[in-house]
Amino acid sequence: RDRLVRVQCRILADDDRRPCPVDPKKSFARWFREGYDAENSRDGCDGLGLSIWPRSEKALHRGYPLFNPAEVTLRALDRASERARSSGSTRPEVLAALDVVQQAAHVRPIHEDEETITFSE
């Protein structure tokens, strides 16, 4: 199931001439220059790799997009509803409440790369 992931983080100068461990033929400086998003490729990008840009379409856990909580919420509601209906023992009023929530819940963009859930008729 879910596990804690530990990630080692090293902060290096962007002009470091030591060999890069993932590609010893390159210096860290060259690796930084070639491996990060190019300057101005995104709004606010300085090309130095000092920012982490969202790539929500790529990060999944059990099919759920990790960086898209609105979509995860809707999918989790769908799964919960399917399980409740297939169990045969869920109270009718709970199923009715799930129907109301599912029918009213919609994803609404709030920023360029961020969304939220809103409820409407």
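Owing to the predicted nature of the structure, the values given are computational and were not obtained by experimental measurement.
Among all heavy-atom pairs drawn from Lys25 and Arg30, the shortest one is O-NH1, 4.1 Å. Residue Pro19 comes nearest to Pro24 through the heavy atom pair CB-O, 3.9 Å, listed as atom of the first residue, atom of the second, then distance.
Here the straight-line distance linking atom CZ of Arg108 with atom OG1 of Thr116 works out to 6.0 Å at 0.5 Å rounding.
In this model, a donor atom of one side chain and an acceptor atom of the other lie less than 3.5 Å apart for Arg85 and Ser81.
Under a hydrophobic-cluster definition in which Ile, Leu, Val, Met, Phe, Trp and Tyr are linked whenever side-chain heavy atoms come within less than 4.5 Å, directly or via other members, Leu74 and Phe119 are assigned to the same cluster. Residue Leu77 is grouped with residue Val107 when hydrophobic side chains (ILVMFWY) are merged at heavy-atom distances under 4.5 angstrom, including chains of intermediate members. Clustering ILVMFWY residues whenever any of their side-chain heavy atoms sit less than 4.5 angstrom apart, transitively, puts Tyr64 in a cluster other than the one holding Ile117.
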